[in-house]
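For this chain, numbers begin at 1 and follow the sequence in order. All values below were derived from every heavy atom in this structure, side-chain atoms included, with hydrogens, water molecules and symmetry-related copies excluded. For ligands, and for the atoms within them, numbers begin at 1 and follow the listed sequence.
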Amino acid sequence: MALSTKPLSGMRQRFPEQFRVEKFVTDMLSGSSVSAGFQEYDGPVIEPLALFAAKSGGELVGRQSYSFTDRGEREVILRPEMTPSLARMIASSGELQLPVRWFSMPLCYRYERPQRGRVREFLQFNLDILGSSSLASELEVILVLNGIMKSFKAPSSIYRIGWSSRRFMTEALLRCGVKQELHSGVFSAIDKKDKMKEEAWSDYLLQSCGGDKKVAGTVVSLVSVESPSDTWLVDLMAESPALREVQEFDMLLEKTGISSAVFSPGVVRGLDYYTGIVFELMDTGRENRRSLCGGGRYDNLVGLFGAGRISGVGFGLGVLTLTLFLESYGLVPDSVRQAAPADVYIAIASSSVIATAGLLAESLRNSGIRVMMDVSGKKLGKQFSEASRNRITQVITVGVEQAETGIYKMKYLPDGKVTAGSVEELIRILK
Ligand code: HAM
């Protein structure tokens with residue numbers, strides 16, 4: 001029986017056109033990071049399972065992990081995210097001058113049900129600041145995120161950065177009457193609000209609130225609040241430093257004019273390590289329902305490695321989710337998809353001049369010109385068609401006469417104009 005032509009479900013393979021689109025996206029992400037003073041890093045794809053079991057959360061490690069025992073009897077995992085590896089790298093380099101601003105583009109693995117925007121092998125752009133507790137860090141990463149959306153020419157009406165605070169929500173839940181031991185379950189329920197049918201979600205929330213209808217009702221009121229200055233909320237949170245922090249951040253966002261950032265107590269994030277401000281970037285339309293990006297502050301992750309408390313703040317952004325979003329709104333330029341793989345095609349009129357064609361290709365390439373030399377051995381007409389199919393506009397033909405005289409003819413396919421000249425002259429024209 002022949003082998004299957006399909007890769008494993010959820011694993012990625014990209015044909016050249018898809019690769020060009022992905023490269024357009026990742027180059028833009030790297031460019032925005034570098035322009036804000038972030039430096040690139042990377043870590044191992046295979047990590048000890050314990051690294052993620054400690055803080056990433058039961059769902060990610062228990063149900064979505066690619067984990068196995070290696071030949072040395074170690075429990076290992078294909079990294080489902082980058083943040084714990086980053087925390088370990090920071091903890092292990094005692095000589096780092098803090099704060100550090102780093103970014104990365106890791107391949108990550110999660111055994112999720114493949115669907116639009118969710119696969120099992122995905123590139124996740126990460127950008128983090130470590131070693132600063134100032135709210136300026138939260139503002140900085142959201143400014144970079146907003147700048148990224150602007151770099152793709154996405155108007156602020158088509159995306160929304162919903163944000164809240166874990167610290168604030170922990171205190172608010174206590175004031176709503178949710179006992180501390182129920183918080184983790186209630187956070188999970190809040191996180192699933194937009195992923196479940198309304199009735200099923202209400203039941204789930206009620207259960208996570210220990211079956212207390214009044215408490216569950218107050219939690220529903222809490223997640224519906226739209227401003228940190230809401231009078232019901234201000235009453236509930238009287239004298240709370242966590243509310244003051246949220247109000248201060250709200251003001252910073254307003255003063256910097258990030259109109260896409262909206263206070264949303266329903267954003268609590270599914271990962272366990274977040275402690276402060278958290279945020280998620282969503283499409284405001286209906287086509288892309290899962291988050292494009294999520295992040296926030298984590299105070300206690302680096303401390304797990306015994307390196308003292310170094311607070312971090314950052315986000316992870318799915319390259320696939322962002323690409324689907326950009327495609328939905330026509331924000332991937334046609335020129336990216338249709339880019340020609342070379343500037344010039346060298347057509348070969350006779351097999352006796354292959355070496356001459358090869359030397360010509362080499363001279364042009366040494367001058368920085370992208371050259372595709374014919375390898376098909378087909379008739380000249382077919383070679384010209386091959387150049388057109390590849391959207392290459394210039395074709396130089398090498399025949400016996402050209403090989404003898406060193407003077408080549410170059411045809412510009414869109415208007416059929418022919419120019420003749422030596423290698424040096426052609427290089428000058430092409431450049
Ligand atoms: P996360 O919310 O789990 O956060 O993932 C961030 C983003 O990665 C998601 O919003 C989504 O775009 C993308 N993503 C997640 N799972 C998949 C998947 N199965 N297929 C395609 N894309 C996916 C984190 O991972 C945190 N470590 C982010 C972070 C960095 N927080 C602070 N620094």
List ligand 1 atoms under 4.0 Å from Cys293, heavy atoms only on the residue side.
10 (O)
Hey, can you tell me if Trp102 and Tyr41 have their rings parallel, tilted or perpendicular (30° and 60° cut-offs)?
tilted
Within the structure, is a non-hydrogen atom of Gly312 found at a distance of less than 4.0 Å from ligand 1?
no
Tell me whether Asn126 contacts the main-chain N or O of Gln124 through its side chain, where contact means a donor paired with an acceptor under 3.5 Å.
yes
Residues 327-339, side-chain donor-acceptor partners within the protein, below 3.5 Å, at least two apart:
residue : atom : partner : partner atom : Å
Glu327  : OE2  : Arg337  : NH2          : 2.7
Ser328  : OG   : Arg116  : NH2          : 3.3
Ser328  : OG   : Asn288  : ND2          : 3.1
Ser328  : OG   : Leu324  : O            : 2.8
Tyr329  : OH   : Asp283  : OD1          : 2.6
Arg337  : NE   : Glu17   : OE2          : 3.4

So, does Ser385 use its side chain to make a donor-acceptor pair with the main chain of Gly381 at under 3.5 Å?
yes
Flag for Arg269-Ser164: side-chain donor and acceptor within less than 3.5 Å:
no
Say whether, by atom type as modelled, one donor and one acceptor occur between the side chain of Gln115 and the main chain of Arg113 under 3.5 angstrom.
yes
Closer than 3.5 angstrom, by distance alone: can the side chain of Glu121 be matched with the main-chain N or O of Arg12 as a donor-acceptor pair?
yes
At what distance is the nearest protein heavy atom to atom 32 (C) of ligand 1, and which residue and atom is it?
Gly314 O, 3.2 Å
Of the listed options (Asn126, Asp128, Asn288, Leu127), which comes nearest to atom 33 (N) of ligand 1 when hydrogens are ignored and any heavy atom counts?
Asp128
Donor-acceptor pair, Gln207 side chain versus Tyr204 backbone, under 3.5 Å?
no
Looking at Thr321, which atoms of ligand 1 are within less than 4.0 Å of one of its heavy atoms?
12 (O)
Looking at Phe38, is Arg101 sitting on its ring face, NZ or CZ under 6.0 Å from the six-membered ring centre and within 45 degrees of the normal?
yes
Between ligand 1 and Arg120, is the shortest N or O to N or O distance under 3.5 Å?
no
Where is the nearest protein heavy atom to atom 8 (O) of ligand 1: which residue, which atom, and how far?
Gln124 NE2, 3.1 Å
For Leu292, the atoms of ligand 1 under 4.0 Å from one of its heavy atoms are 10 (O), 12 (O)
May I ask you to list the atoms of ligand 1 that are less than 4.0 angstrom from any heavy atom of Tyr273?
26 (C), 27 (N)
What do you reckon, does Glu112 put a non-hydrogen atom under 4.0 Å from ligand 1?
yes
The one among Phe325, Tyr274, Phe315, Tyr298 that brings a heavy atom closest to atom 31 (N) of ligand 1:
Tyr274
Tell me if a side-chain donor or acceptor on Arg110 pairs with a main-chain N or O of Pro80 at a distance below 3.5 Å.
yes
Which protein non-hydrogen atom lies closest to atom 14 (N) of ligand 1, naming both residue and atom, and how far is it?
Phe122 CE1, 3.6 Å
Charged N-O contact under 4.0 Å between Lys382 and Asp374:
no
For atom 3 (O) of ligand 1, which candidate among Arg110, Gln64, Glu81 provides the closest heavy atom?
Arg110
Exam field: side chain Lys193 to backbone Val267, donor-acceptor pair closer than 3.5 Å
no
Residue portion contacting ligand 1 (non-hydrogen atoms closer than 4.0 Å) for Leu271:
side chain
Restricting to heavy atoms, the pick from Ser291, Pro106, Gly270 nearest atom 11 (C) of ligand 1 would be Ser291
With a 4.0 Å cut-off on heavy atoms, does Tyr109 reach ligand 1?
no
Counting only nitrogen or oxygen atoms and a 3.5 angstrom limit, does Val119 reach ligand 1?
yes
Option with minimal heavy-atom separation from atom 21 (C) of ligand 1, where the choices are Gly294, Gly316, Gly296, Gly117:
Gly117
Any heavy atom of Leu320 sitting closer than 4.0 Å to ligand 1?
no
Residue-ligand contact Arg269/ligand 1, heavy atom below 4.0 Å
yes
